[in-house]
Amino acid sequence: GVRCRGSYYDVALCLLECTLPANLAGGGVGDAGGNGGNGGGVYNRVNIQILNCTITNNQAGSGLGLGKGGSGGGIYQEEGTADMSISNTIVAGNQIGSVSGSTQAGTGPDVRKEAGALTRTGVNFIGNNAGATAEFPSPAIAGQPNSNGDLVGTAAAPRNPMLRPLANNGGPTRNLLPLAGSPVIDPTGGDTSSTFPTDQRELPRVLDGDSMGGAVVDIGGVELDPV
């Protein structure tokens, strides 16, 4: 994963057009047990922007003994003065740290915000909003955009972005293409233009991926070409 940690005077970090899959934060250690690591995909305590990214299948660390399981399997924002901005990004299918015995479970499988500001722009896909319900409120009608226009699931009804397995789909790095019918393709209220002309693969960014008329930016690191 990405660990963004340093003095409070660190300059902003930007994650742009990327995929962060299958990372695991460290687990508890020692005979007496220990807390699992937080932030399987991204651990943040500086100012950070996350734009057009896919963060999935990551896991916070497991607690050991009396230790607590890790929080924020996808993204963890530590207490302090850190600010985070998330735009047009998928954060879904991540897990809190596993627990056993009397160990306390972590919180926020996809996003856990302890403090600081978390702002969102564009249309984001959050599989489970537990851990950041103020920033990503539940929709009034399940399956529809919430009041901010984001696609958000809950602990009781998490949402699946419907992504293909990690593979070489073109470009310099492996990535996760959306399956046909995925809700991240041409989302309602999505942008019809992009500051960035290409996706993670360096292929055209704004396409009509659902063939329903009108090109809209897909959520996440890659853009589906229906051809």
Side-chain angles (χ1 to χ4, degrees), residues 1-6 10-23 25 38-60 71-95 108-137 145-146 148-153 159 161 163 166 171 173-176 178 183-184 187 189-191 194-202 205 217-223:
V2 176
R3 186 174 177 86
C4 312
R5 186 181 180 101
D10 284 354
V11 296
L13 174 70
C14 180
L15 298 179
L16 171 65
E17 309 277 15
C18 68
T19 297
L20 296 175
N23 295 286
N38 299 314
V42 176
Y43 182 108
N44 181 54
R45 66 167 288 186
V46 299
N47 297 333
I48 184 174
Q49 290 181 308
I50 302 175
L51 302 98
N52 300 348
C53 292
T54 300
I55 301 173
T56 186
N57 197 30
N58 302 286
Q59 184 173 346
S71 297
I75 297 173
Y76 181 83
Q77 181 159 315
E78 189 185 90
E79 296 178 5
T81 59
D83 292 334
M84 179 183 295
S85 172
I86 299 176
S87 179
N88 204 59
T89 287
I90 299 169
V91 191
N94 302 284
Q95 301 178 55
D110 288 320
V111 182
R112 174 59 181 171
K113 193 201 81 168
E114 297 288 359
L118 195 165
T119 58
R120 41 77 48 212
T121 59
V123 178
N124 297 283
F125 188 101
I126 308 298
N128 182 339
N129 67 348
T133 55
E135 294 75 18
F136 298 105
N146 69 4
N148 294 328
D150 294 318
L151 303 178
V152 175
R159 294 201 64 177
L163 304 176
L166 187 68
T173 55
R174 293 188 297 169
N175 46 74
L176 295 157
V184 306
D191 294 327
S194 176
T195 303
F196 309 100
T198 59
D199 66 6
Q200 177 181 337
R201 302 168 298 165
E202 301 177 359
R205 176 40 103 171
V217 177
D218 293 347
I219 309 172
V222 296
E223 187 84 6

Can you list the residues that meet the side-chain contact (heavy atoms from CB on, under 4.5 Å) rule with [X], with sequence neighbours excluded?
X      : value
Glu135 : Lys113, Leu118, Ala132
Pro197 : none
Arg159 : Phe125, Leu151, Pro183

Among all residues two or more places apart in sequence or in another chain, which pass the side-chain hydrogen bond (donor to acceptor under 3.5 Å, both in side chains) test with [X]?
X      : value
Ser194 : none
Thr173 : Gln200
Asp110 : Asn94
Asn129 : Ser138

Checklist outcome for this item: Output for pair (Thr89 OG1, Asn124 CG), nearest 0.5 Å, gives 5.5 Å
Checklist entry - Going from CD1 on Ile50 to OG on Ser85, what distance comes out if it is rounded to the nearest 0.5 angstrom? => result 8.5 Å
Report yes or no: does [X] contribute a side-chain atom to a donor-acceptor pair with the main-chain N or O of [Y] at less than 3.5 Å?
X      : Y      : result
Ser71  : Asn38  : no
Gln95  : Asn57  : no
Asn47  : Asp83  : yes
Asn148 : Phe136 : no
Asn88  : Asp218 : yes
Asp199 : Gly221 : no
Thr56  : Ala92  : yes

Checklist entry - Taking only residues two or more places apart in sequence, or in another chain, which ones meet Tyr76 in a ring pair (Phe, Tyr, Trp, His ring centres under 6.0 Å)? => result Tyr43
Minimum heavy-atom separation for [X] to [Y], with atom names?
X      : Y     : result
Cys53  : Leu15 : SG-O, 3.5 Å
Asn58  : Ala22 : OD1-N, 3.3 Å
Leu176 : Thr19 : CD1-CG2, 3.8 Å

Item to check | Worked verdict on Arg201 versus Asn175 for side chain to side chain contact (heavy atoms under 4.5 Å, CB included) | outcome: CA-CA 8 Å; Arg201 302 168 298 165; Asn175 46 74; 3.3 Å; yes
Item to check | Worked check of side chain to side chain contact (heavy atoms under 4.5 Å, CB included) between Asn52 and Ile219 | outcome: CA-CA 7 Å; Asn52 300 348; Ile219 309 172; over 6 Å; no
Next on the checklist: Run the salt bridge (Lys or Arg N to Asp or Glu O under 4.0 Å) test against Arg205 and tell me which residues pass, sequence neighbours left out.
Outcome noted: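 Scan of Arg205 (salt bridge (Lys or Arg N to Asp or Glu O under 4.0 Å), adjacent residues dropped) gives Glu17, Glu223.
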Item to check | Option passing side-chain contact (heavy atoms from CB on, under 4.5 Å) with Ile75 (candidates Leu20, Asn44, Ile55) | outcome: Ile55
Item to check | Residue pairs involving residues 119-134 (criterion salt bridge (charged side-chain N to carboxylate O under 4.0 Å, His left out); sequence neighbours excluded) | outcome: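 Found Arg120-Asp150.
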